[in-house]
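To keep things clear, I will list the structure first and then write my remarks on it.
The structure displayed is predicted, hence computed values, not measured ones.
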Amino acid sequence: MAVALLAFGIVRRNSSQEKLPPGSMGLPFVGESFAQVTAAETFVVSRAATHGDIFKTNTLGQPTIVMSGPENLDFILDCEKKVGAICEGNLDGACARVVKGLMENDWPSNWKKLMGSEAVTVVTSDKHARQRRILAAAFTARSMTSYYPTVQKELREACKTWSEMGGSFDAYPLINKTAFRAVSKVLLGRTGDNERLVSKLCGLYEEWLKGFTSVLPVELNGLTAFGKAMQARRDIQEALDTVIEERAKWSEQSLL
């Protein structure tokens, strides 16, 4: 069965007395997180076969309604369009949370912490639109064309290195590092000790990703996967802030 949608987040209703769909909330606190993490590919399919295309669960620290199938996906998208139409021009998007019979798109609270409260994937309404307009400048046809020589050079050098390795090898970390190398040069303008920054960001990125599937989404002074992921996020932010400061100083000196 093709799963068309896995809606992470609480489906908000106007009354707490509303009847919830069938399903299991699993163990206290952790819910069905272990099953979701260890068998991600079959988690939704197996439960949909038992409970139907709409079922409740508790995963990754969040009570969740899972909706799968094309009809349910159409329903979700239709609700989002209606909310957008009703709340057009509303700066804080508050009206979206009180529209009767409609759902509000959301992320689990631990995911929002990992992404940041001001991330374009987290903010909504006009704030989301403003951030998208700002980001769009980096992805215009002219901008993308200017990236091409740098990206092409990085890919050619990477392919040459890989072809000389011989035998089998794990492609994922190599591709990941190549992508970070290209991005750091294109968007951050890094040269010189760029390789050091790339290696650091790659490691931090992998640590950050693990936080999204942490069974215990609490920090505990960095003792959990989620805690380590949050620290990785802070380290990534610090590294990028340093690069931006260096670029600003370089630009000031160039103008003098």
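- None of Trp208, Phe226, Phe212 except one satisfies the ring-ring contact (aromatic ring centres under 6.0 Å, His included) rule with Trp111; the exception is Phe212.
- Atom OG of Ser199 sits about 11.0 Å away from atom CZ of Phe180, to the nearest 0.5 Å.
- Side-chain polar atoms of Tyr147 and Gln152 form no donor-acceptor pair below 3.5 angstrom.
- The closest side-chain heavy-atom distance from Glu207 to Asp235 is not below 4.5 Å.
- A pairwise comparison of heavy atoms in Thr178 and Ala158 identifies OG1-CB, 3.6 Å as the closest pair.
- Not a single donor-acceptor pair under 3.5 Å links the side chain of Thr57 to the backbone N or O of Thr59.
- With contacts defined as side-chain heavy-atom distances shorter than 4.5 Å, the pair Pro63/Met25 qualifies.
- Defined by atom type and a distance below 3.5 Å, a donor-acceptor pair is missing between the side-chain atoms of Ser146 and Ser143.
- We find the CG-OG distance between Asn58 and Ser24 to be 9.0 Å, quoted to the nearest 0.5 Å.
- Considering only heavy atoms from C-beta on, Lys56 stays 4.5 Å or farther from Thr64 through its side chain.
- A single hydrophobic cluster is seen to contain both Met144 and Leu155, as judged by linkage of ILVMFWY side chains at heavy-atom distances under 4.5 Å, directly or through other members.
- Residues Arg196 and Lys200 fail the side-chain proximity criterion, which asks for heavy atoms closer than 4.5 Å.
- Taking CG from Leu240 and CG from Leu201, the interatomic distance works out to 6.0 Å, rounded to the nearest 0.5 Å.
- Considering only heavy atoms from C-beta on, Val186 stays 4.5 Å or farther from Tyr148 through its side chain.
- No hydrogens or angles considered: nothing links the side chains of Gln237 and Arg234 as a donor-acceptor pair under 3.5 Å.
- Atom CG of Leu114 sits about 8.0 Å away from atom CZ of Arg233, to the nearest 0.5 Å.
- Here Ser184 contributes atom OG and Glu154 contributes atom CD; the two are 7.5 Å apart, rounded to the nearest 0.5 Å.
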Apply side-chain contact (heavy atoms from CB on, under 4.5 Å) to residues Met230 and Lys113 and explain how you reach the verdict. CA-CA 8 Å; Met230 287 297 295; Lys113 287 181 180 179; 4.1 Å; yes

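- At a threshold of 4.5 Å between non-hydrogen side-chain atoms, the residues Glu118 and Gln131 count as touching.
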Asn176 vs Tyr205, side-chain contact (heavy atoms from CB on, under 4.5 Å): CA-CA, chis, key distance, verdict: CA-CA 10 Å; Asn176 198 29; Tyr205 176 72; 4.2 Å; yes

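- No path of Ile, Leu, Val, Met, Phe, Trp and Tyr side chains, each step under 4.5 Å between heavy atoms, connects Val120 with Ile244, placing them in separate hydrophobic clusters.
- Look at Arg47 and Glu32 and you find a salt bridge, because one of the NZ, NE, NH1 or NH2 atoms lies within 4.0 Å of a carboxylate O, short of that distance.
- Counting heavy atoms of neighbouring residues, nucleotides and ligands inside a 6.0 Å radius, atom CZ of Phe169 exceeds 12 of them.
- Residues Met165 and Thr161 come closest through the heavy atom pair CG-O, 3.2 Å.
- Here the straight-line distance linking atom OG1 of Thr150 with atom CZ of Arg181 works out to 13.0 Å at 0.5 Å rounding.
- In this model, no donor atom of one side chain and acceptor atom of the other lie less than 3.5 Å apart for Lys112 and Ser117.
- By the neighbour-count criterion of 12 heavy atoms within 6.0 Å, atom CD of Glu238 is sparsely surrounded, having that number or fewer from other residues, nucleotides or ligands.
- In the hydrophobic cluster analysis, where Ile, Leu, Val, Met, Phe, Trp and Tyr join through side-chain heavy atoms closer than 4.5 angstrom, Ile175 is grouped apart from Leu204.
- Looking at heavy atoms from C-beta onward, Tyr172 lies in side-chain contact with Glu206 at the 4.5 angstrom threshold.
- Side-chain atoms of Thr224 come within 3.5 Å of backbone N or O of Gly227 as a donor-acceptor pair.
- Side-chain contact between Ser214 and Asn110 is absent, with no heavy atoms from C-beta onward closer than 4.5 Å.
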Run the numbers on Ile54 and Val66 for side-chain contact (heavy atoms from CB on, under 4.5 Å), then give the verdict. CA-CA 6 Å; Ile54 304 176; Val66 179; over 6 Å; no

